[in-house]
Amino acid sequence: MVAGRSPTPNSAAVNLLAIVILSQGNCGLSTCTTRYLVAMAMTDLLFIITGVLLWRVAFYDFLGSFLVITPVCIVIAVLFRVATEFSGWFTVTFTFDRFIAICCQKLKTKYCTEKTAAVVLTATSLLLCVKNVPFYFAYEALWIIDNVPWFCALKGSYYTDPGWVGLDWFDTVLTPLLPFALILMLNALTVGHILMASRVRKGLRGQSKGENRSDPELESRRKSVILLFTISGSFMLLWLLYVIHFFYYIITRSDPRYYNDSEHMFQRFGYMLRSLSCCTNTFIYAVTQSKFREQFRIMVKYPVTSIIQLMNKLTN
């Protein structure tokens with residue numbers, strides 16, 4: 001069990017390093033793209049703090065601490081929900097920004113700016129925070145010892161009361177069903193536009209007759225699309241089991257509290273992949289962006305090179 005949690009501090013450190021690298025703006029990306037990627041990296045870090053360091057580690061390693069007192073436990077649970085939804089909707093806002101940049105040249109100069117990105121991300125964050133306020137009242141204490149409430153879990157009425165059931169439906173439709181639909185639609189439109197534009201450019205440049213000329217515009221667009229599709233595709237793939245479980249829950253009308261072993265395992269596996277989707281962006285940057293890898297190497301080597309330079313000065 002310890003070995004499974006040991007990488008957590010390293011994951012947080014890597015995400016923090018990614019935020020620093022992206023914030024410097026030396027990765028060859030536009031300012032608005034950088035703003036969205038920094039926001040997603042910060043969401044990854046928030047997820048690791050709330051979902052792993054505070055939620056999992058506290059429950060396993062600090063059972064008697066204030067973190068498992070019911071009011072604090074509920075706050076952590078709600079923050080965990082918020083961090084998860086941030087991950088999904090920031091992916092949507094990034095996908096929409098890239099759709100505008102690639103497919104809507106007239107709107108690009110007005111929409112694809114650092115200021116617009118900041119407004120969109122701030123508005124999205126505020127709306128998601130407000131939407132999750134009712135969930136603070138969906139939890140109750142597991143035990144009360146010496147008049148002190150400990151731990152927290154969803155109330156039994158959450159699965160039966162029409163109000164809570166309706167909120168649960170709305171919550172799942174909002175994340176991830178609506179992001180799924182929006183990302184699919186935007187990516188389909190983006191692919192269609194790219195294919196059509198590529199045919200036109202190749203025809204104008206004579207490539208349709210077999211000439212092999214490099215096209216900086218197509219190369220730049222290709223790199224942007226690789227990053228876009230990798231991030232959005234990763235989100236959809238890792239949320240897929242969670243979505244399938246939701247439809248299973250709706251169709252069979254099963255109560256999750258009474259799942260058999262296989263149903264419970266399927267549910268937990270979907271939760272695990274959903275959680276993984278909130279921690280993959282740094283890996284995606286490293287795989288798809290050569291300049292990010294270069295800056296990452298520089299940042300990792302910086303402490304070592306600084307120590308060597310300091311030692312050389314002391315010895316000389």
Say whether Tyr248 and Glu263, considering side chains only, have a donor N or O and an acceptor N or O under 3.5 Å apart.
yes

Check SG atoms, Cys32 and Cys112, less than 2.5 Å apart:
no

Side-chain contact test, heavy atoms from C-beta onward, threshold under 4.5 Å: evaluate it for Thr50 versus Val82 and give yes or no.
no

Tell me, please, which residues at least two apart from Trp164 pass ring pair (Phe, Tyr, Trp, His ring centres under 6.0 Å).
Tyr158

Among pairs that include at least one residue of residues 288-308, which meet ring-ring contact (aromatic ring centres under 6.0 Å, His included), considering only residues two or more places apart or in two chains?
Tyr285-Phe292

Would you check if the side chain of Thr70 reaches a backbone N or O of Trp150 as a donor-acceptor pair within less than 3.5 Å?
yes

side-chain contact (heavy atoms from CB on, under 4.5 Å) for Arg268 and His264? Distances and angles first, verdict last.
CA-CA 6 Å; Arg268 301 310 300 176; His264 182 73; 3.6 Å; yes

Would Leu276 and Phe90 show up in the same hydrophobic cluster when neighbours are defined by side-chain heavy atoms closer than 4.5 Å?
yes

Residue pair Leu22 / Thr34: nearest heavy atoms and the distance that separates them
O-CG2, 2.9 Å

Within a 6.0 Å radius of atom NZ on Lys108, are there more than 12 heavy atoms belonging to other residues, nucleotides or ligands?
no

Identify whether Leu237 and Phe266 are in the same connected component of the hydrophobic contact network (ILVMFWY, side-chain heavy atoms under 4.5 Å).
no

side-chain contact (heavy atoms from CB on, under 4.5 Å), that's the test. Do Ile284 and Ser234 meet it? Break it down for me.
CA-CA 9 Å; Ile284 291 172; Ser234 171; 3.8 Å; yes

Is it true that Lys155 and Glu140 make a salt bridge, defined as a side-chain N closer than 4.0 Å to a carboxylate O?
no

Give, for atom CG of Asn15 and atom CG of Leu46, the distance between the pair rounded to the nearest 0.5 Å.
11.0 Å

Value rounded to 0.5 Å, distance of OH in Tyr136 from CG in Leu79
11.0 Å

Could you walk me through whether Ser157 and Thr160 pass side chain to side chain donor-acceptor pair (under 3.5 Å), step by step?
CA-CA 5 Å; Ser157 60; Thr160 57; 5.6 Å; no

For Leu128, is there any backbone N or O sitting under 3.5 Å from a side-chain donor or acceptor partner on Asn132?
yes

Looking at CE of Met185 and OG1 of Thr190, how far apart are the two atoms once the value is rounded to the nearest 0.5 Å?
9.5 Å

Exactly one candidate in Ile183, Thr280, Leu37, Thr95 meets side-chain contact (heavy atoms from CB on, under 4.5 Å) with Ile231; the answer is Leu37

Flag the pair Trp239 / Thr91 as yes when at least one side-chain heavy-atom distance between them is below 4.5 Å, and no otherwise.
no

Search all heavy atoms of Thr230 against all heavy atoms of Ile226 and return the closest pair with its distance.
OG1-O, 2.5 Å

Would you say that Ile74 contacts Cys152 through its side chain, given a criterion of any heavy-atom pair below 4.5 Å between the two side chains?
yes

Okay, side chain of Asn260, backbone of Ser262: is any donor-acceptor separation there less than 3.5 Å?
yes

Work out which heavy atom in Leu241 is nearest to a heavy atom in Gly270; give both atom names and the distance.
CB-CA, 3.9 Å

Might you point out which heavy atoms bring Pro179 and Leu174 nearest each other, and give the distance in Å?
CD-O, 3.0 Å

Less than 4.5 Å apart, side chain to side chain, heavy atoms only: is that true for Lys110 and Thr116?
no

Using side-chain heavy atoms (C-beta onward) and a distance below 4.5 Å, is Leu238 in contact with Arg274?
no

Of the non-hydrogen atoms in Arg35 and Ala118, which two are nearest, and what is the gap between them?
NH1-CB, 3.9 Å

If you count the non-hydrogen atoms of other residues, nucleotides and ligands that lie under 6.0 Å from CE in Met265, is the total more than 12?
no

When rounded to the nearest 0.5 angstrom, what is the spacing between OG in Ser87 and CZ in Phe235?
7.0 Å

Flag yes if Ile298 and Val38 sit in one hydrophobic cluster, no otherwise; membership is Ile, Leu, Val, Met, Phe, Trp, Tyr, and two members link when side-chain heavy atoms are under 4.5 Å apart.
no

Is a side-chain donor-acceptor pair under 3.5 Å present for Thr122 with Ser125?
no

Evaluate whether atom CD1 of Ile144 has more than 12 neighbouring non-hydrogen atoms of other residues, nucleotides or ligands under 6.0 angstrom away.
no

Pro176 side chain reached by Val243 side chain, heavy atoms, under 4.5 Å
yes

CG/Leu177 to OH/Tyr242 distance, rounded to the nearest 0.5 angstrom?
9.0 Å

Using the six-membered ring wherever Trp is involved, compare the ring planes of Trp169 and Phe246 and label them parallel, tilted or perpendicular (cut-offs 30° and 60°).
perpendicular

Apply side-chain contact (heavy atoms from CB on, under 4.5 Å) to the pair Asp168 and Tyr249, showing each step before the final yes or no.
CA-CA 12 Å; Asp168 184 60; Tyr249 163 71; 3.9 Å; yes

Is there a side-chain contact between Leu228 and Asn187, using heavy atoms and a 4.5 Å cut-off?
yes

State yes or no: are the ring centers of Phe86 and Phe47 separated by less than 6.0 Å?
no

Does any part of the side chain of Met299, heavy atoms only, come nearer than 4.5 Å to the side chain of Val20, both counted from C-beta?
yes

Under 3.5 Å, is there a donor on one side chain and an acceptor on the other for Thr175 and Trp89?
yes

Can the ring centroids of Phe96 and Tyr111 be said to lie less than 6.0 angstrom from one another?
yes

Do Thr33 and Ser30 pair up side chain to side chain, a donor and an acceptor below 3.5 Å, judged on atom types alone?
yes

Centres of the Tyr259 and His245 rings: under 6.0 Å?
yes

Check the hydrophobic clustering (I, L, V, M, F, W, Y; side-chain heavy atoms under 4.5 Å; chains of links allowed) and say if Leu178 and Leu121 are grouped together.
yes

Other residues, nucleotides, ligands: >12 heavy atoms within 6.0 Å of Asp261 CG:
no

Which value, rounded to the nearest 0.5 Å, describes the distance between Ser232 atom OG and Arg98 atom CZ?
12.5 Å

Path from Leu127 to Leu167 over hydrophobic side-chain contacts below 4.5 Å:
no

